[in-house]
Q: 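One structure, as structure tokens, below. Some questions next.
Ligands are counted one by one from 1 in listed order, and the atoms in each one are counted from 1 as well. Numbers here simply count residues along the sequence, with the first being 1.
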Amino acid sequence: MRNYLVLTLITCCLLSNCTPKESITNVLISKEDAIEFKIDSILSKMTLEEKIGQTAQRGKSSRVKELPVELKEAVKKGEIGSFLNIMNKDDAKELQRIAMEESPNKIPLIFARDVIHGFKTIFPIPLGQAASFDPNLVQKGARISAIEASTYGIRWTFAPMLDISRDPRWGRIAESAGEDQYLTSIMGEAYIKGFQGDDLSSSTSIAACAKHFVGYGAAEGGRDYNTANINEFSLHNTYLKPFKKAVETNVATLMTGFNDLNGVPVSGNKYLLTEVLRNQWGFDGFVVSDWNSIIEMVPHGFAEDEAAAAGKAANAMLDMEMTSTSYQDNMKNLIEERKFSENQLDEMVRNILRIKFKLGLFDKPYFEPESDVLYAKEHLEAAKEAAKKSMVLLKNKNQILPLSTKKSLAIIGPLADAPHDQLGTWTFDGEKARTITPLTSFKEDGEHPILYSKGLSYSRDKSNKRFNDAIKIAKNSDIIVFFGGEEAILSGEAHSRANLNLPGKQESLISELHKTGKPIVLVLMAGRPITLGNIIDKVDAVLFAWHPGTMGGPAILDILTGKASPSGRLPITWPKEVGQIPIYYNHKNTGRPTIPEEFVQIDSIPIGAWQSSLGNTSHYLDLGYLPQYPFGYGLTYSSFEYCDVKILSNEINENGPIIVSAKITNTGNVIAEEVVQLYFRDMVGSITRPVKELLRFKKIELEPGASKIVDFVFSKDDISFYGLDKKWVVEPGKFKLWVGKHALDQTHELEFVIE
Ligand code: NOJ
């Protein structure tokens, strides 16, 4: 719905037979048009230098105490459009004051920060939040983050990250929503709605930034910043989808990646930035580069120097440059040399000013700090809820969990009391002093006799000098609860790993503890799946808590003690070994798909066997073809039965919806949540289609014995694909559907035909 404003036009009447006079006309125009009108008016007064200035984003090193004079001078001249990482409120105010009072056209600055999964109150890492399969919860977390961050004058966050991530070696998988484009799109939408609120101009709304456009998560070998080769079909059918959804959700900004995509670095990719983003999707916000990603096109070998890089990025329509200064240094020359035009620059500035207007920064450039909202009670409660709902129970032998109250516990491990590490990656503003660890929570709870020994002082610790203490307390307790995983610093940007097992001596310590004969509950805190092959049979239960954030301790306590049932599901396929990567559920079939009977195990091959056709299917001799845990997987403390799974109405041939329904019953003894998942497969296509794709999901809570009918509604659009003639199509033929508990659950299969 468009909002209309009364615009008062003051025109000068210059009729020949009257004296010049002012005439006042009231015109009803939309809010959007009013903004364009104001932008035109400002643009007409701006010098070339000021226009270039709007495209510049600068930062200040946190090591520099005073605001550098050069920065103030630059703002005064209108040569800076935005700042990132200005965390001193007085500095931010002073810079804004200079912009509003002393700069030529009084254009407000926009202050940005990586508010990724919380500002002060830290929520679980985004991969963990995706595991909640609960967009409302994610939206609430983002809203809280915006409320807190805006008290520092931050009106723009570099989130959500929408990179499809199918390689857990890549450290930034922690910041993603995992391997699936539908789940990533839904989570992206939730973050954007939460950050931006109902009205971008509200002082607690912050502009979101869908990043990294596009393909950054497909870095070769999971090595950060690396080349991505994605074919045209996968690009549209998988990698671009969450960004399209973000644009449809009115995301204010996008960020390009560092990566080269199919030979063209995305920061200079005209096809993506102009053709797809602007022409096809109609995006009217602005695009920012990643940190130095424009000038990094020089080492990429895509531009011979920074001037050429600036030319390529600007011609592609990359509006704002983060930190590097190639626009500032070269734009004027580029225009003089006719390698770029001032009209194009005007478009870029227009995009930036539009968001500044929408944020209400021209009317309300300053912020009134309300610091009592930081760590507000309801923020902490929401963070606890998010942590609880994101945890995934992967194993629970003999129902060792929930822990019975009578049992004494040996709390062991490097992450039992690691307040900084449980916050995870990208938590510049989270504070360990405000973080509650599992050890603290168990102590405060007092329901279980506990003994504590760290065993290893941090996750990479390779010393066994504390092993004996740990073994001693284990022997004196009923159950061992081992808190292992990765320190926060082991995932995130530039923190890729080639081995994904528990770092340091954690596996050795678990093996030693196993020898005591006491049951072991392993609580994992990590930014990615951890390969568990060496220890999975030595532990009785595995709870994956991700890096759970500020309230991780109380949330883990609630889950382990059964005050809440685990309800998270994996947003990513969990590999057995690194050698299986990439392994994701929505892969293509081969001409020789693996079927269980045909899997050849390495040790079953007779010595001296002939090269034979036996078992020539797509698998590994030593690992087979199955993951440790599939996408969508997770246990609860209850059990659920699916029945009456059927297609309720099928109007898809008449362009109407298909409605699929299933009756879900909690057949266990406790209240619990189930994530009911609907997958589909287009059986034959003019290009091959994945073996399964997530189409819809619903998280429902049921009391013991209770049932609920779950309906899923979808349309032809939802099963279309980008095909050979570069159009979205739905081809006639057979489609299969599955309603199930995870991606490999084939129990309830349905079929329909498109004529
Ligand atoms: C580099 C990262 O790739 C990007 O995601 C982040 O937003 C910027 N640095 C700013 O910190």
Q: Say whether Asp114, considering both its backbone and side-chain N or O atoms, lies within less than 3.5 Å of an N or O atom on ligand 1.
A: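 For ligand 1, there is an N or O atom that lies under 3.5 Å from one belonging to Asp114.
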
Q: Based purely on interatomic distance, does Glu175 place a nitrogen or oxygen under 3.5 Å from a nitrogen or oxygen of ligand 1?
A: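 The answer is no, given that Glu175 and ligand 1 share no N or O pair closer than 3.5 Å.
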
Q: To the nearest 0.5 Å, what is the distance between CZ on Arg354 and CD1 on Ile39?
A: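 Those atoms lie 5.0 Å apart.
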
Q: Heavy-atom contacts under 4.0 Å between Met161 and ligand 1: side chain, backbone, both, or neither?
A: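 Looking at Met161 and ligand 1, no heavy atom falls under 4.0 Å.
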
Q: With nothing but distance in play, are any N or O atoms of His212 less than 3.5 Å from an N or O of ligand 1?
A: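 His212 vs ligand 1: N/O contact under 3.5 Å present.
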
Q: Can Tyr375 and Glu148 be counted as having a side-chain donor-acceptor contact under 3.5 angstrom?
A: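 Side chains of Tyr375 and Glu148: no pair found under 3.5 Å.
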
Q: Can you label the angle between the Phe631 ring and the Phe133 ring as parallel, tilted or perpendicular, going by 30° and 60°?
A: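 Taking Phe133 first and then Phe631, their aromatic rings stand perpendicular (interplane angle over 60°).
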
Q: Among Arg460, Arg497, His547, whose side chain to side chain donor-acceptor pair (under 3.5 Å) with Glu486 holds?
A: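 In the set Arg460, Arg497, His547, the residue that makes a side chain to side chain donor-acceptor pair (under 3.5 Å) with Glu486 is Arg497.
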
Q: Using distance alone, determine whether Lys211 and ligand 1 share an N or O pair under 3.5 Å.
A: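 Yes, since at least one N or O of Lys211 sits under 3.5 Å from an N or O of ligand 1.
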
Q: Please say whether more than 12 non-hydrogen atoms of neighbouring residues, nucleotides or ligands are located less than 6.0 Å from NZ in Lys89.
A: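 Result for NZ/Lys89: enclosed.
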
Q: Would you say the ring centers of Trp291 and Phe158 fall short of 6.0 Å from each other?
A: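 Between Phe158 and Trp291, which both carry aromatic rings, the centre distance is not below 6.0 Å.
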
Q: Side chain, backbone, both or neither: which part of Gln57 has a heavy atom under 4.0 Å from ligand 1?
A: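 None of Gln57 does.
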
Q: What's the shortest distance from atom 4 (C) of ligand 1 to any protein heavy atom, and which residue and atom give it?
A: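 Protein heavy atom at minimum distance: Asp290 OD1, 3.3 Å.
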
Q: Can you list the atoms of ligand 1 that are under 4.0 Å from a heavy atom of Phe158?
A: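 Numbered from 1, ligand 1 contributes 7 (O), 10 (C).
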
